[in-house]
Trainee: 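Submitted below is the structure of interest, expressed as structure tokens.
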Amino acid sequence: MAVLPDRNLALELVRVTEAAAMSAARWQGRGDKDNVDQAAVDAMRDVLATVEMDGIVVIGEGEKDEAPMLYNGEQVGNGEPPLVDVAVDPVDGTRLTARGMPGALAVLAVAERGSMYAPGKLVYMDKIAVGEEAADRIDIEAPVAYNLEQVAKAKGKSVADVTAVILDRPRNEDYIRQVREAGGRIALIGDGDISGAISTAKEDSHIDILFGIGGSPEAVTAACAMASVNGEIQCKLWPRDDSERQFAMDEGLDLNQVLTTRDLVNSDNTFFAATGVTSGDLLEGVEFRGNQVRTHSLVMRSKTGTVRFVDGIHRLDQLNKLGAEY
């Protein structure tokens, strides 16, 4: 019988995201997103090897970024139980970091083995996400105006005061148009829709709902977080061309299916950790203070509904002696 997680793995996983964030932040504003990503991947992989778990990367750098490490199917952890699925995004917002812009995160999520949805080559999804107040009211197949009205009713305010976060991409122009026509407010983001989804569930956030087409890996990772705060994310696979439509047909993936939070991660015991790389609405970024480095992280577990914000102070002289044992 498989051994299930019985401790809060997220408290161990945050060491991994802290290491990735600190390494990536060294490249902040230097204009080189490849080195941002590589630094985070290297640090994340080294520290992951010390975590007591037998993990398989289900959502990794693989299909979307064609990366040689932390790829889909890679084994991570020290090989000891529990058996888990792993979703990694060493930096959600490599371009943000490279340009010195806000909102980049190092992200890691874990759930029981076999519980995470694997979209394969279908690397994009159409998405909608909200926090707990409106979780049972949204419908990705309904008009944008309807969903804005439902969120407004749930939160006791007018549509004019509802703010939608949308990835600033040409493919999302129709969403932007519909929100404006309905009278809602918009916060456009250049990258980082994991942070965008979670922000809809954060009590002191100004974000009420997420709309738009973004990465499939990010959707599954965000679902692990949303499960911890009773939020809801709904998605539909979004093939870019005929070859991806054929892949869906060959793999038996229904392009018309609405994928809920439970479809994306079928578990009551998800673990999520994120550390800010650059400061944003959700988390503060890495701050270098001579021999000390300050990090700000978010740690969540769905089984207990526990959400923690972790401020870390790291001494570089001691970390350098320990190597991968952050």
Side-chain angles (χ1 to χ4, degrees), residues 9-10 12-79 84-100 103-110 191-192 194-195 215 217-218 221 271-278 283 285-288 291-299 310 312 314-326:
L9 277 169
E12 300 168 52
L13 301 178
V14 73
R15 294 191 302 112
V16 183
T17 58
E18 286 174 342
M22 286 189 285
S23 295
R26 290 291 189 187
W27 292 91
Q28 180 178 334
R30 297 189 184 185
D32 189 341
K33 70 183 186 68
D34 291 335
N35 271 320
V36 168
D37 193 50
Q38 190 64 59
V41 168
D42 289 344
M44 183 171 275
R45 196 165 185 252
D46 285 346
V47 185
L48 263 175
T50 71
V51 177
E52 189 173 315
M53 66 181 187
D54 184 346
I56 295 291
V57 176
V58 175
I59 300 297
E61 295 278 272
E63 297 289 351
K64 190 176 178 187
D65 298 314
E66 299 180 356
M69 294 191 297
L70 295 177
Y71 55 85
N72 296 351
E74 182 174 349
Q75 290 187 296
V76 293
N78 68 357
V84 295
D85 286 347
V86 178
V88 298
D89 200 336
V91 180
D92 182 32
T94 53
R95 279 181 291 190
L96 297 177
T97 306
R99 295 176 183 177
L105 305 175
V107 178
L108 182 61
V110 163
D191 287 289
I194 294 177
S195 175
E218 288 83 355
T221 307
F271 306 88
F272 178 90
T275 300
V277 180
T278 61
L283 292 170
V286 175
E287 181 183 351
F288 295 98
N291 186 49
Q292 292 186 339
V293 184
R294 178 182 179 271
T295 57
H296 190 218
S297 303
L298 173 63
V299 178
V310 180
H314 312 267
R315 289 183 58 94
L316 290 178
D317 55 351
Q318 293 180 225
L319 287 179
N320 289 334
K321 295 176 183 177
L322 296 172
E325 298 177 13
Y326 285 92

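The first residue of the sequence shown is numbered 1, and numbering continues consecutively from there.
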Trainee: Out of V110, D85, V86, which residue meets the side-chain contact (heavy atoms from CB on, under 4.5 Å) rule with V58?
Mentor: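 With V58 as partner, V110, D85, V86 yield a single side-chain contact (heavy atoms from CB on, under 4.5 Å), made by D85.
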
Trainee: I want to check something: taking the side chain as every heavy atom from C-beta on, are E74 and R45 in contact at a cut-off of under 4.5 Å?
Mentor: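 Yes. Closest side-chain heavy atoms under 4.5 Å.
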
Trainee: Any side-chain heavy atom of L13 within less than 4.5 Å of one from F271?
Mentor: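 In contact.
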
Trainee: Can you measure from CG (L70) to CD1 (I59) and round to the nearest 0.5 angstrom?
Mentor: 13.0 Å

Trainee: Apply side chain to side chain donor-acceptor pair (under 3.5 Å) to T17 and list each qualifying residue two or more places apart in sequence or on a separate chain.
Mentor: T275

Trainee: Would you say D89 and E218 make side-chain contact, with heavy atoms under 4.5 Å?
Mentor: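 D89 vs E218: side chains touch.
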
Trainee: Taking the side chain as C-beta and beyond, is there a heavy-atom pair between H314 and Q292 under 4.5 Å?
Mentor: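 No; the side chains remain at least 4.5 Å from each other.
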
Trainee: With a 4.5 Å heavy-atom cut-off, do V91 and T94 have their side chains touching?
Mentor: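 With C-beta onward as the side chain, the pair touches.
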
Trainee: Consider only side-chain N and O atoms of D34 and Q38, and report whether a donor and an acceptor are under 3.5 Å apart.
Mentor: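 No.
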
Trainee: Strictly below 4.0 Å, N to O, side chains only: are D317 and R315 in salt-bridge contact?
Mentor: yes

Trainee: Would you say T278's side chain and A104's backbone share a donor-acceptor pair under 3.5 angstrom?
Mentor: yes

Trainee: Pairing donors with acceptors under 3.5 angstrom, does anything connect the side chains of R30 and T97?
Mentor: no

Trainee: Check whether N78 reaches the backbone of M53 with its side chain - one donor and one acceptor, N or O, closer than 3.5 Å.
Mentor: yes

Trainee: Is there a side-chain contact between T50 and R15, using heavy atoms and a 4.5 Å cut-off?
Mentor: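 Yes, close enough: below the 4.5 Å cut-off.
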
Trainee: Atom CG of N35 and atom CG of D42: how far apart are they, to the nearest 0.5 Å?
Mentor: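 Taking CG in N35 and CG in D42, the distance rounds to 9.5 Å.
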
Trainee: Rounded to the nearest 0.5 Å, what's the gap from CD on Q318 to CG on N291? Could you check?
Mentor: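 Atom-to-atom, Q318:CD and N291:CG are 8.0 Å apart.
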
Trainee: Ignoring hydrogens, what is the shortest heavy-atom contact between G100 and Q28? Give both atom names and the distance.
Mentor: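 Heavy atoms only, the tightest pair is CA-CG, 3.9 Å.
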
Trainee: How long is the gap from OG on S297 to CG on L105, to the nearest 0.5 Å?
Mentor: 9.5 Å

Trainee: Step by step, work out the side chain to side chain contact (heavy atoms under 4.5 Å, CB included) result for V286 and R26.
Mentor: CA-CA 9 Å; V286 175; R26 290 291 189 187; over 6 Å; no

Trainee: So do I56 and Q75 actually touch side chain to side chain, heavy atoms under 4.5 Å?
Mentor: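 Result yes, sub-4.5 Å side-chain heavy-atom pair found.
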
